[in-house]
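Take a look at the structure set out below.
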Amino acid sequence: MKVPFNDLSKLHSELKNEFQHTFESIIENSAFVGGKHVGEFESCFAKKLGVKHCIGVSSGTAALFASFKMLGFTFNDEIILPANTFFACAEAISLCGATPIFVDNDEYFNINVNKIEQKIITKTKAILAVHLYGQSANLSALQNLCTTYNLLLIEDCSQSHFSFYNKKILGTLGKAAIFSFYPGKNLGAFGDAGCVVTNDDELAHKLRLFRNHGEYQKSKHQLIGFNCRLDGIQAAILKIKLQYIDIWNEKRRVAAEYYIELLKDCKSIILPKIMPQNTHTFHLFVIKALKRDKLKDFLAENEIGTGIHYPIALPFLSVYSHLGAKEKDYPEAFKNQKMILSLPIYPDISRQQIRYVVDKIIEFYAED
Ligand SMILES: Cc1ncc(COP(=O)(O)O)c(C=O)c1O
């Protein structure tokens, strides 16, 4: 049996007619850049989240960069973020000239809120709360820290579309939140896409200018921006797919529960932990495994796709070697990078496929 790491073919084939209908309308109206689909998607997304503004942009990375620029982060500023997350989070900070300040992870794979305070200095401007793998970081602790030290809280919901913290939807609890709609995300486009959401009118206005060269009228430019607009075609696809996201997230949760049930007695792995106040949406199902690399190879030999998110925690990347990170400063992230393994998960993964993955994991450790 084959179990790819991700497989969206069934989900997409069921929506083929809706996609085709939309493609025809885009071709007829030449609505390639901007246009009604972008505006419609932005309204639907903002409404579903319960925020005032959604600004569509060309990727999650662009959403991070645009937000940081328009919030004014610059040289000498420091922004706090988790040690284990996707590179773009730190990259966007560095692109603004600011410095990423990494903090070790907690047992839920998110930022360890108990290790933040010691890193706050006068240059600290913000905390980037990345809700990794599908579950919220400890938002009430992060909100308290931001209030105490007058910092901005920015959420990165790229891996946590429509996840909840204490019954509150992620993306609504800070100054702004960003989303990636990379095809493999829980809500994914047919290419690169992303957005920023915020309740702040001024920030929203600046972001709309920024994504379009700072232009407020044809050939009149108010600020230095960039071209990072959301394509009409991606917005149209996202608008269709948005209608099904709750069903797909629920299917991911059911799949995760089945993995947990079948793997609960396997002593060689540690299952993902869920914070009691969180509703996890399992963008990724990440276990910690003994002999991780050998297990990964064994699963690949048996046609099971897996991933590692991420094999090198950000402080240990060569590009950040000048910051002088030591293993002892990030013990959890350092340990995890050798143990974490993302198992296949997607809305249409079957119980039979999950059983096959689990059987192979158990077979691997039985051979010891
Ligand atoms: C947590 C996180 N932030 C930011 C990004 C960047 O998004 P994009 O790939 O759309 O630029 C990603 C994408 O993988 C991500 O997972």
Side-chain angles (χ1 to χ4, degrees), residues 5-6 8 41 45 54-69 73 79-96 100 102-103 105-106 108-111 126-137 139 142 153-163 165 170-171 174 176-197 207 210-211 226-231 233-235 237-238 241 252 280-286 307-314 317 319 333 336-337 340 342 345-346:
F5 178 59
N6 194 3
L8 301 173
F41 168 68
F45 196 75
C54 167
I55 302 97
V57 291
S58 55
S59 68
T61 308
L64 285 165
F65 181 57
S67 309
F68 295 162
K69 277 303 258 188
F73 300 159
I79 316 296
I80 287 174
L81 77 162
N84 181 40
T85 176
F86 183 57
F87 178 61
C89 301
E91 184 181 39
I93 295 169
S94 300
L95 268 178
C96 293
F102 303 111
V103 172
N105 300 109
D106 63 11
Y108 306 102
F109 300 117
N110 276 316
I111 193 163
I127 299 176
L128 178 65
V130 184
H131 307 304
L132 208 68
Y133 304 156
Q135 78 168 319
S136 177
L139 270 173
L142 293 174
L153 178 65
I154 298 141
E155 294 177 81
D156 182 337
C157 305
S158 297
Q159 301 192 9
S160 293
H161 301 176
F162 302 100
S163 302
Y165 174 82
L170 300 190
I178 76 99
F179 290 77
S180 163
F181 302 124
Y182 181 78
K185 299 293 192 230
N186 287 24
L187 178 65
F190 279 4
D192 282 309
C195 78
V196 187
V197 297
L207 284 163
F210 181 89
R211 71 174 168 188
F226 204 66
N227 172 1
C228 54
R229 298 174 296 237
L230 174 63
D231 285 344
I233 191 159
Q234 304 306 349
I237 298 298
L238 288 167
K241 291 178 76 174
R252 283 175 182 272
H280 203 312
T281 48
F282 288 99
H283 172 57
L284 295 169
F285 188 88
V286 179
I308 300 173
H309 301 86
Y310 296 90
I312 308 176
L314 302 184
L317 287 172
V319 69
N336 284 352
Q337 68 183 18
I340 46 178
S342 311
I345 194 159
Y346 36 92

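If you read the sequence from its start, that first residue is 1, and numbering goes on from there. Indexing begins at 1, ligand by ligand and atom by atom, following the structure's order.
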For this session: Please answer whether the main-chain N or O of Asn105 pairs with a side-chain N or O of Asn110 as donor and acceptor at a distance below 3.5 Å.
Result: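 No; zero donor-acceptor contacts below 3.5 Å.
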Exercise. Backbone or side chain, does any N or O of Gly60 fall under 3.5 Å from an N or O of ligand 1?
Worked result: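 Yes, Gly60 has an N/O under 3.5 Å of an N/O on ligand 1.
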For this session: List for me each residue that meets ring pair (Phe, Tyr, Trp, His ring centres under 6.0 Å) alongside Tyr182, sequence neighbours excluded, and say none if there are none.
Result: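 Ring pair (Phe, Tyr, Trp, His ring centres under 6.0 Å) list for Tyr182, sorted by chain: empty.
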Problem set entry | Option among His280, Glu155, His283, His161 that satisfies the side chain to side chain donor-acceptor pair (under 3.5 Å) test with His131 |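 The passing option is Glu155.
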What protein heavy atom is closest to [atom], reported as residue, atom name and distance in Å?
| atom | value |
| --- | --- |
| atom 11 (O) of ligand 1 | Thr61 OG1, 2.5 Å |
| atom 5 (C) of ligand 1 | Phe86 CD2, 3.5 Å |
| atom 9 (O) of ligand 1 | Ser180 OG, 4.0 Å |
| atom 16 (O) of ligand 1 | Gln159 NE2, 2.9 Å |
| atom 13 (C) of ligand 1 | Lys185 NZ, 3.1 Å |

For this session: Quick one: pull up CZ in Phe73 and CG in Leu128 and give me the separation to the nearest 0.5 Å.
Result: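 Atom-to-atom, Phe73:CZ and Leu128:CG are 9.0 Å apart.
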Exercise. What distance do Leu314 atom CG and Glu91 atom CD have between them, rounded to the nearest 0.5 Å?
Worked result: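 So the gap between those two atoms works out to 10.5 Å.
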Exercise. Between Ser180 and Ser158, does any side-chain donor sit less than 3.5 Å from a side-chain acceptor?
Worked result: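 Distance-only check fails for Ser180 and Ser158.
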Residue part near ligand 1, for [X], under 4.0 Å between non-hydrogen atoms:
| X | answer |
| --- | --- |
| Asp156 | side chain |
| Leu132 | neither |
| Cys89 | side chain |

Exercise. Looking at Val130, which atoms of ligand 1 are within less than 4.0 Å of one of its heavy atoms?
Worked result: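 Answer for ligand 1: 1 (C).
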For this session: For Ser59, take its heavy atoms, then give the atoms of ligand 1 lying under 4.0 Å from any of them.
Result: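 Selected atoms, number and element: 10 (O), 11 (O).
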For this session: Begin from the C-alpha positions of Ile154 and Phe68 and carry the test side chain to side chain contact (heavy atoms under 4.5 Å, CB included) through to its verdict.
Result: CA-CA 9 Å; Ile154 298 141; Phe68 295 162; 4.0 Å; yes
Exercise. Who pairs with Ala63 by side chain to side chain contact (heavy atoms under 4.5 Å, CB included), at least two apart in sequence or on another chain?
Worked result: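 If we apply the side chain to side chain contact (heavy atoms under 4.5 Å, CB included) test to Ala63, skipping adjacent residues, the hits are Val57, Ile178, Val196.
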